[in-house]
Number of protein chains: 2
Amino acid sequence: MTGHDKNRRNPTNGPVTLADIARLADVSPVTVSRAINTPNLVKPQTLEAIARVIARTGYVPNLLAGGLASRRTRLIAAIVPSVASTIFAETIEGLNAELVSAGYQLLLGLSGYDLQRELELTRAILARRPDGIILTGISHLKETRAMLTGAGLPIVEIWDSTPSPLDTAVGFSHLAVGVLVAEHLLAKGYDRYAQIGANDPRAVQRRDGFVNRLAGIAEVELPALDMNSPSTFSDGRAAMAQLLDRGHGTLGVFCSSDVVAHGALAEAHFQGCRIPEDLAIIGFGDFDFAPHTHPPLTTVRIDRRDIGTKAAQSILKKIAGSEDVGAMINVDFHIVARGTA
Amino acid sequence: MTGHDKNRRNPTNGPVTLADIARLADVSPVTVSRAINTPNLVKPQTLEAIARVIARTGYVPNLLAGGLASRRTRLIAAIVPSVASTIFAETIEGLNAELVSAGYQLLLGLSGYDLQRELELTRAILARRPDGIILTGISHLKETRAMLTGAGLPIVEIWDSTPSPLDTAVGFSHLAVGVLVAEHLLAKGYDRYAQIGANDPRAVQRRDGFVNRLAGIAEVELPALDMNSPSTFSDGRAAMAQLLDRGHGTLGVFCSSDVVAHGALAEAHFQGCRIPEDLAIIGFGDFDFAPHTHPPLTTVRIDRRDIGTKAAQSILKKIAGSEDVGAMINVDFHIVARGTA
DNA sequence: AGTTACAATGAAAGCGCTTCCATTACTTTC
DNA sequence: GAAAGTAATGGAAGCGCTTTCATTGTAACT
């Protein structure tokens, strides 16, 4: 166990290398490499001897060296806007679970809903030569696109739908969500319609779908608040106050997330509205608390975790060389009708 | 722009290398390396020429090669139980923000509150030779400890307090939280005391502090539910139903998280309890919704994001070679007295 | 004018792996 | 019993960088 310094530049606390293992096990480095990566090519007896030495020395292979040599890093990068929002957190959990079980690791980037930051992250990530990359949304800077396509690795865009993804997309049409919600409210019939929401690209799509479906039927009111994404309980509450202040008549409201809807609901409650007779609220996301508000929140349900799972599966297939992954993988959504609409 | 195949084993779509840049800019590879890493050592004019070539070719440095050669990866790994819980999500956001601004990247591992998984993750992470590692909590398998200390890199343990961390810890005493909550409830005086909670090590510590403080004063009731960590709204609701079912007299309850508290509150409301006269509830975490429940939730506030920020700062200092980071960095907590206690 | 410093650059070696191409020792097969 | 596998192993080269140690030219001092 003596640390015989060779001509090492940096004689740190013995970083055991594959060569060390080879020497101790009295085999060549190649054999050790095979013992680790393709054990079926090595005689069981040799394998065991090597395993013993590895255990004894506490050898941890250097994946930087391995990746450099093999051009495969077993790293998958994902860029999401934020992890503090339930929305993406669960997608990441799904993604991670699937990747880990396939022996991959997740490199996470948080873009903060900022395309410029997404570009910088992409560059930083590509420098680590991941085997694949997952992006949130389908709108990217053209530099990002160029860099990505130039890198020639599998790409999966998530949480949105498009006929022409960079490579493959896993998600759904936010426009269609907006339309569906409009129709749900329309079926009940209200005097006024409104949308409260954040301004991230996907929330905007949902709003557009909502507004378009109601075009010619009603002017959708859009309370003006400087909401950033993601928007909060307080945003929802303030927006609802504004709406109730501004007029009368029954009101159907589509919120960009359950959190916002929760805030809106609280304000409505506070002002004594009858729900859903006078005021209907539909959220988005079906968060944990949605069944437990008063009344329970009607919302749009998406399997957030499933997006992660499917994205991981798609990218793993692509890495394995499969050509038939398809351009667009759709994920279901539907309205969960509870008490608020 | 022709792809002149050299004797490349893998003639993929032109991965531009530093050597390519050097050739095109008519300088040696070392100079390009310096232009990227230590630009102040390069003549402005040369710098510019190199920058032009880099921009034109879309060169992205290979950090695997760089890391292998320099033994610095600019990677920091963090292992947290989950990212789906608000608790850790915000810590990660803080961590990430701080790391990114220092030019580091975050490699995330999710342990799912499982120490065995933590061990495997640690091994997988160490294989990527991060410059530092952040772990959640202070209880680890002894193999994990051995591997970690053997790796000889800066370590920061977060979300807990200990006099003897592996290296440095950033957090607070969960035991003290439990004591504080007990005293808060004690001051108001209730007939019965209970705790509803998850079974992760930190929640258990909080419970122990709570129970210990009340020892000799009251027997703390612990509704038996098979709650995993993290526990949910429904868990809280069910536990509260059990408590209310089981006896009478005024009741002071400490919940292991605001989510659980929210569920408990909902049930209490449903059963028509007067809050906080007959029934007091204290949560943990001061989540977004806490000020907006009915009545607003009294809870324990911790700056979750700050834990991430401080952890990042500590590890960066250590990487920079600072010795005076200290073993324990404490983060404040306090009770936010709202309507439920 | 001669020494000394510093700024700017390069040559060579090597980080720790994996890949390709042998090589050796056995089994099969006809 | 020779030809043709197949299983198990090793040698050498190289992945794309950074590091150390020179080397050059030019500015700064006596």
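The chains referred to below are lettered A, B, ... by the order of the sequence lines, with proteins before strands, and numbering in each begins at 1.
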Could I get the full list of salt bridge (charged side-chain N to carboxylate O under 4.0 Å, His left out) partners for [X], not counting sequence neighbours?
| X | result |
| --- | --- |
| B:Glu48 | B:Arg52 |
| A:Asp306 | A:Lys310 |
| B:Glu93 | none |

Distance, rounded to the nearest Å, where [X] contributes [atom1] and [N] contributes [atom2]:
| X | N | atom1 | atom2 | result |
| --- | --- | --- | --- | --- |
| B:Leu47 | C:dT9 | CG | C1' | 13 Å |
| A:Lys43 | C:dC26 | NZ | C1' | 11 Å |
| B:Asn40 | C:dC6 | CG | C1' | 14 Å |
| A:Leu64 | D:dC17 | CG | P | 14 Å |
| A:Gln45 | C:dA25 | CD | P | 17 Å |
| A:Arg23 | D:dG10 | CZ | P | 14 Å |
| B:Arg71 | D:dT19 | CZ | P | 11 Å |
| A:Ile21 | C:dC17 | CD1 | P | 9 Å |

For a quick test of your reading: what N or O donor-acceptor pairs under 3.5 Å do the side chains of residues 34-45 of chain A make, sequence neighbours left out?
| unit_1 | atom_1 | unit_2 | atom_2 | d |
| --- | --- | --- | --- | --- |
| A:Asn37 | ND2 | A:Ser33 | O | 3.1 |
| A:Asn37 | ND2 | A:Ser33 | OG | 3.4 |

Of all the choices, C:dG16, D:dG10, D:dC17, which nucleotide is nearest to the side chain of A:Val27 once you look at every atom? D:dG10

Within residues 30-38 of chain A, which residues have any heavy atom lying less than 4.0 Å from an atom of DNA chain C?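 A:Val30, A:Ser33, A:Asn37 - these, ordered by number, are the residues of the stretch whose heavy atoms sit under 4.0 Å from the strand.
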
Is any side-chain N or O of [X] closer than 4.0 Å to OP1 or OP2 of [N]?
| X | N | answer |
| --- | --- | --- |
| B:Tyr59 | D:dC17 | yes |
| A:Ser70 | C:dT18 | no |
| A:Ser28 | D:dG10 | yes |
| B:Arg72 | D:dT18 | no |

Any ring pair (Phe, Tyr, Trp, His ring centres under 6.0 Å) involving residues 143-164 of chain A? Give me the pairs, sequence neighbours left out, ordered by first then second residue. A:Phe88-A:Trp159, A:Trp159-A:Phe172

Residue whose nearest DNA chain C nucleotide is more 5′ - B:Ala65 or B:Pro44: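 Its nucleotide being nearer the 5' end, the pick is B:Pro44.
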
Do the non-hydrogen side-chain atoms of B:Asp20 and B:Thr57 ever get within less than 4.5 Å of each other? no

What donor-acceptor contacts under 3.5 angstrom involve side-chain atoms of residues 116-128 of chain A, with partners at least two apart or in another chain?
| unit_1 | atom_1 | unit_2 | atom_2 | d |
| --- | --- | --- | --- | --- |
| A:Glu118 | OE1 | A:His140 | ND1 | 3.0 |
| A:Glu118 | OE2 | A:His140 | ND1 | 3.2 |
| A:Thr122 | OG1 | A:Glu118 | O | 2.6 |
| A:Arg128 | NE | B:Gln105 | OE1 | 3.0 |
| A:Arg128 | NH1 | B:Thr73 | O | 2.7 |
| A:Arg128 | NH2 | B:Thr73 | O | 3.0 |
| A:Arg128 | NH2 | B:Arg74 | O | 2.9 |
| A:Arg128 | NH2 | B:Gln105 | OE1 | 3.4 |

Are any side-chain N or O atoms of A:Thr168 and backbone N or O atoms of A:Gly326, one a donor and one an acceptor, separated by less than 3.5 Å?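 Judged by distance alone, yes, a pair lies under 3.5 Å.
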
The helix from C:dA1-D:dT30 to C:dC30-D:dG1: angle between its terminal axes, five pairs each, to 10°? 30°

Residue list, side-chain contact (heavy atoms from CB on, under 4.5 Å) with A:Ser322, at least two apart or on another chain: A:Lys317, A:Asp324, A:Val325

